[in-house]
Amino acid sequence: MKKIVVAIDGPAGAGKSTIAKLAAEKLGYAYIDTGAMYRSVAWKFLQTGKPFDEDFISGLSKTMLIDFKPEAKINRVFVDGTEVTDAIRTPEVTAIVSRVAAIGAVREAMVDQQRRMGEAGGVLMDGRDIGTVVFPNAQLKIFLTASVEERARRRYAEMVAKGQQVDLQQLQADIAERDKQDSERAISPLRQAEDALLLDTSDMGISEVTERILQLVQERA
Ligand code: C5P
């Protein structure tokens with residue numbers, strides 16, 4: 001069976017990472033979490049303590065080396081050799097990442113790395129613009145979504161399980177705001193590619209969605 005490129009796009013908290021990672025493991029594909037790459041740029045910028053400056057952030061993004069080391073339960077992320085797996089998931093990073101990801105030069109640097117990571121095929125990549133910009137010729141494109149209420153509930157359960165204190169209403173408002181910023185930005189906004197299959201997972205379990213994706217890959221590969 002030939003190894004294809006699978007593009008999975010969708011809004012925050014639709015379950016893209018969990019499902020893409022599981023499906024990639026079953027297929028023996030590489031899993032690339034492009035959100036983690038934009039988060040890494042935001043993290044590196046916050047480390048500097050400098051005020052928000054597009055040129056400065058663009059400069060940082062061009063010299064960063066982002067690496068993934070998938071393990072059984074987590075997808076470890078490294079920036080220039082330093083592990084940032086947890087550091088890129090803090091509320092501070094989440095609050096600023098959409099502004100960082102709206103900078104054209106940052107996107108160019110990340111898309112460049114993403115194309116290199118996926119050019120040989122056998123890759124499952126998730127994000128916001130994979131099917132529209134990064135791999136417009138991907139053999140399989142999926143747009144994964146769920147209602148904002150359901151996405152907030154899932155994130156809430158995940159955070160509570162980690163012992164974090166969160167307010168469900170606030171979380172839902174933050175997710176809605178991030179969706180708005182990602183969908184309304186000028187460059188590579190979040191949208192479903194014309195040839196992407198829509199999967200609304202509001203009433204679907206993780207294994208059901210994963211199975212459906214595996215089936216689709218088998219049909220296309
Ligand atoms: O997927 P995750 O929620 O971790 O992504 C964090 C942010 O990175 C998104 O809200 C979006 O602003 C940005 N992003 C993007 N393009 C991608 C992946 C993520 O702009 N391909």
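In each ligand, atom 1 is the first atom listed, and ligand 1 is the first ligand listed. Every value quoted in this text rests on a predicted model; they were computed, and no experiment measured them. The figures here come from the full heavy-atom set of this structure, side chains too, leaving out hydrogens, waters and symmetry mates.
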Flag if over 12 foreign heavy atoms under 6.0 Å of CD, Glu194: no
Report yes if the side chains of Leu46 and Thr90 come closer than 4.5 Å at any heavy-atom pair, otherwise no. no
Do you know which two heavy atoms are closest between Ile175 and Ala12, and how far apart they sit? CG2-O, 3.9 Å
Flag yes if Ile4 and Leu22 sit in one hydrophobic cluster, no otherwise; membership is Ile, Leu, Val, Met, Phe, Trp, Tyr, and two members link when side-chain heavy atoms are under 4.5 Å apart. yes
Would Glu177 count as a contact residue for ligand 1, given that I'm defining contact as a non-hydrogen atom of the residue lying under 4.0 Å from a ligand atom? no
Given Arg128, Lys16, Gln181, Met110, identify the one with the heavy atom nearest to atom 2 (P) of ligand 1. Arg128
Give a yes/no verdict on whether any heavy atom in Met37 is under 4.0 Å from an atom of ligand 1. no
State the atoms of ligand 1, each with its element, that fall below the 4.0 Å cut-off from a heavy-atom position in Asp129. 16 (N), 17 (C), 21 (N)
Within ligand 1, which atoms have a heavy atom of Ser98 less than 4.0 Å away? 10 (O), 12 (O)
In the protein, what heavy atom is nearest to atom 12 (O) of ligand 1, and what distance, to one decimal place, separates them? Asp182 OD1, 2.6 Å
Test log, rule salt bridge (charged side-chain N to carboxylate O under 4.0 Å, His left out), inputs Arg154 and Glu150: CA-CA 6 Å; Arg154 289 177 190 167; Glu150 179 57 23; 3.1 Å; yes
Under 3.5 Å, N or O to N or O, is Arg107 touching ligand 1 that way? yes
Would one find an N or O of Tyr38, backbone or side chain, under 3.5 Å from an N or O of ligand 1? no
Check this for me: Ile74, atom CD1, are more than 12 non-hydrogen atoms of other residues, nucleotides or ligands nearer than 6.0 Å? yes
Out of all atoms in ligand 1, which are within 4.0 Å of some heavy atom of Gly127? Include the element for each. 17 (C), 18 (C), 21 (N)
By the salt bridge (charged side-chain N to carboxylate O under 4.0 Å, His left out) test, which pairs, at least two apart or in different chains, include something from residues 81-103? Asp33-Arg89, Arg76-Glu83
Counting heavy atoms under 4.0 Å, the part of Arg89 that contacts ligand 1 is side chain
Note the single closest protein heavy atom to atom 19 (C) of ligand 1, along with its residue, its atom name and the distance in Å. Gly35 CA, 3.5 Å
Write out all pairs satisfying salt bridge (charged side-chain N to carboxylate O under 4.0 Å, His left out) with one or both partners inside residues 118-144, taking only residues at least two apart or from two chains. Arg107-Asp129, Arg128-Asp182, Lys141-Asp195
Applying side-chain contact (heavy atoms from CB on, under 4.5 Å) between Tyr29 and each of Val5, Val123, Val217, report the one that passes. Val217
Flag Thr34 as yes when one of its N or O atoms lies below 3.5 Å from any N or O atom of ligand 1, and as no otherwise. yes
Is it true that Gln215 and Glu211 share a donor-acceptor pair across their side chains at a distance under 3.5 Å? no
Give the atom numbers and elements of ligand 1 that come within less than 4.0 Å of a heavy atom of Arg185. 12 (O), 15 (C), 16 (N), 20 (O)
At a 4.0 Å threshold, what atoms of ligand 1 neighbour a non-hydrogen atom of Arg39? 2 (P), 3 (O), 4 (O), 6 (C)
How far is atom 6 (C) of ligand 1 from its nearest protein heavy atom, and which residue and atom is that? Arg178 NH1, 3.4 Å
For Ala101, the ligand 1 atoms with a heavy-atom partner under 4.0 Å come out as 12 (O), 13 (C), 20 (O)
